[in-house]
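Beneath this line is the structure, given in structure tokens, with notes to follow.
Naming: A, B, ... by sequence-line order, numbering from 1 per chain.
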Amino acid sequence: MAAQVQAVPAAEGGGAPPQANGVVAAGSAAAAAATFQATSLYVGDLDVSVQDAQLFDVFSQVGSVVSVRVCRDVNTRLSLGYAYVNFSSPADAARALEMLNFTPINGKPIRIMYSNRDPSSRKSGAANIFIKNLDKSIDNKALYDTFSVFGNILSCKVATEMSGESKGYGFVQFELEEAAQNAISKLNGMLLNDKKVYVGPFVRKQERENVSGNPKFNNVYVKNLSESTTEDNLKEIFGKFGPITSVVVMREGDGKSRCFGFVNFENPDDAARAVEDLNGKKFDDKEWYVCRAQKKSEREMELKEKFEKNIKEAADKNQGTNLYLKNLDDSIDDDEKLKEIFADFGTITSCKVMRDLNGVSKGSGFVAFKSAEDASRALVAMNGKMIGSKPLYVALAQRKEERRARLQAQFSQMRPMVMPPSVAPRMPMYPPGVPGVGQQLFYGQPPPAFVNPQLG
DNA sequence: GATGAGCGG
């Protein structure tokens, strides 16, 4: 049961809450069901380990489920983190939405909506609101209950840490703009569990940065300087826009210019004008890039994001090129011998026999090809082929995330699901009574994920 | 102090 949230005017610290009376509940759940596919639910925020059968079990507790599908990446089969659950009647779907929304499955609260295949309303961002300074005790359900008096909510969520602790802000997507406006005007600045909340329209971060009120800055970053450009040159050029407090051209230890620098203005308006005017201008045939200087932490964050994106792109590019081998014959005891066996299929970019601490082959290994096509041919030709005295096992090597999700999925089937008290008594016993399987084997930590040494 | 993710067969 979610904690009761009291809304109180901030000034008086008492008085009547922004009541349901006087607020027209624009768009009821029934109206929403009529708008969307009334028997089909979209289930989002799924942990990657959640599978069809597990969802079926959960949703069958509260209604007659026709079908369930966890959507997966077509290549990797990795869960995309959402699913569809189709019911035999609108009433069952409505009940499932009401009873199971925000129920944790494998430790993560699910978020349920009516299925709506048309993405236009999602993209527009209309009727979406942002709430901050939320008390940590306010969870998804409490947020939902607090805001649902203003109209039908399509989706709602409190941002959380990985641990599940509230980050103190959240989102409510209403069906109708009118409801969003009503919620903003009635709740902005109110006390919710003794904290004065901000409630306003949701504005995407990028859009917010371009509007007035964006942080003023004094420090300007300039790059793509010619190697001969000095501090004095910068002073002269930037000085036209107003008084400057400091200028620096960054240099190597030997004094060679790194071709970028910083100019700090006394007045932020001058800094803004300098950026506006000088960005993209050419000096000594070099096109300057001029912008607000980032703080060190901002810069580090950006570099980190870029780095991670590159890693991901590289992984995508190599998709399907790496083969995992097991049941390797003892005679294949070094990387070169392994390479010979696969050499005919194409260019091999790396090759490894896995060994234990004593250097003895573990009977497994990896062969990576330049092209996915060659890898695929090699897989088909070599899987099950007798090498020495054993049939070789060949499969596409799984990436770390993929492998982790698979192991987690196996593991999670063995443990009880977390259900709300209202449906818990109807749950079947888990783990199922499989004779000879000691259930304690599956409790505690799952086995460590195998780490592919070649893909890191 | 804080501004999301998101629709198949």
Side-chain angles (χ1 to χ4, degrees), chain A residues 32-33 35-48 50-52 55-56 59 65-87 93 96-97 101-102 108-136 138-140 143-144 147 153-162 164-175 180 183-184 187-189 192 195-215 295 297-298 301 305:
Chain A
T35 313
F36 310 119
Q37 287 210 64
T39 57
S40 185
L41 298 182
Y42 167 92
V43 182
D45 291 355
L46 289 177
D47 187 85
V48 287
V50 176
Q51 302 177 105
D52 295 341
L55 273 187
F56 182 87
F59 281 84
V65 176
V66 173
S67 65
V68 164
R69 170 186 215 89
V70 172
C71 295
R72 295 178 179 279
D73 181 285
V74 70
N75 295 318
T76 66
R77 305 305 297 158
L78 216 52
S79 166
L80 296 172
Y82 68 90
Y84 293 93
V85 179
N86 302 307
F87 287 86
L97 200 160
N101 203 7
F102 310 125
K108 199 173 166 196
I110 61 175
R111 183 169 51 86
I112 311 177
M113 305 165 66
Y114 280 104
S115 172
N116 181 194
R117 308 284 293 274
D118 175 10
S120 57
S121 66
R122 284 192 287 276
K123 289 198 166 172
S124 83
N128 197 12
I129 66 173
F130 172 68
I131 304 106
K132 67 180 172 184
N133 206 30
L134 271 178
D135 188 79
K136 300 254 195 252
I138 296 177
D139 62 4
N140 289 323
L143 188 68
Y144 187 99
F147 282 83
I153 294 174
L154 299 184
S155 166
C156 152
K157 179 159 159 173
V158 173
T160 56
E161 308 286 354
M162 222 105 85
E165 193 199 9
S166 166
K167 283 176 155 175
Y169 64 94
F171 312 89
V172 177
Q173 170 77 64
F174 284 99
E175 183 186 10
I184 291 168
L187 283 189
N188 185 32
L192 250 36
K195 293 195 74 167
K196 185 175 169 180
V197 293
Y198 166 88
V199 182
F202 171 73
V203 182
R204 196 151 251 112
K205 194 174 180 181
Q206 209 184 357
E207 295 163 33
R208 199 155 28 95
E209 277 165 0
N210 303 333
V211 276
S212 67
N214 63 353
K295 287 178 203 144
S297 59
E298 281 177 296
M301 185 67 76
E305 276 166 17

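For B/dG8, the base is stacked against the aromatic ring of A/Tyr84, per a cut-off of 5.5 Å between centres and 30° between planes. Between A/Tyr169 and B/dA2, no base-stacking contact is recorded for ring centres under 5.5 Å apart and planes less than 30° from parallel.
Between the side chains of A/Asn86 and A/Thr39, no donor-acceptor pair of N or O atoms lies under 3.5 Å.
Closest to the side chain of A/Asn116, from the set B/dA5, B/dG8, B/dC7, is B/dC7. With distances taken from any side-chain atom of A/Asn86 to the nucleotides B/dG9, B/dG6, B/dT3, the minimum falls on B/dG9. Comparing atom distances between the A/Lys157 side chain and each of B/dG6, B/dG4, B/dT3 picks out B/dG4 as nearest.
Rounded to whole Å, the distance from CD1 on A/Ile129 to P on B/dT3 is 16 Å. At whole-Å resolution of the value, CG in A/Leu143 and C1' in B/dG4 are 13 Å apart. In this structure, A/Leu55 places its CG atom 17 Å from P of B/dC7, rounding to the nearest Å. The distance from atom CG of A/Asn128 to atom P of B/dT3 is 14 Å, rounded to the nearest whole Å. If you take CG of A/Leu80 and P of B/dG4, they are 21 Å apart, rounded to a whole angstrom. To the nearest angstrom, P of B/dA2 lies 18 Å from CD of A/Glu165. At whole-Å resolution of the value, CD in A/Gln173 and P in B/dG6 are 14 Å apart. If you measure from atom CG of A/Asp73 to atom C1' of B/dG8, you get 14 Å, rounded to the nearest angstrom.
Counting any heavy atom pair closer than 4.0 Å across all strands shown, A/Tyr82 reaches sugar-phosphate atoms only and no base atom.
No cation-pi contact links A/Lys132 to A/Tyr169, judged by a cut-off of 6.0 Å to the six-membered ring centre and 45° from its axis.
A/Phe171 and A/Phe202 have perpendicular rings, their planes meeting at more than 60° on a 0 to 90° scale where under 30° would count as parallel.
A donor-acceptor contact under 3.5 Å is formed by the side chain of A/Ser40 with the base of B/dG8. The base of B/dG8 lies close enough to the side chain of A/Arg117 for a donor and an acceptor atom to sit less than 3.5 Å apart. The base of B/dA2 sits within donor-acceptor range of the side chain of A/Asn133, with an N or O pair under 3.5 Å.
Within the 4.5 Å cutoff, no side-chain heavy atoms of A/Ile138 are placed close to those of A/Lys195. Counting only heavy atoms from C-beta outward, the side chains of A/Ile153 and A/Phe147 approach each other to under 4.5 Å.
Residue order along DNA chain B, read from the 5' end via each residue's closest nucleotide, puts A/Asp45 first among A/Asp45 and A/Ser67.
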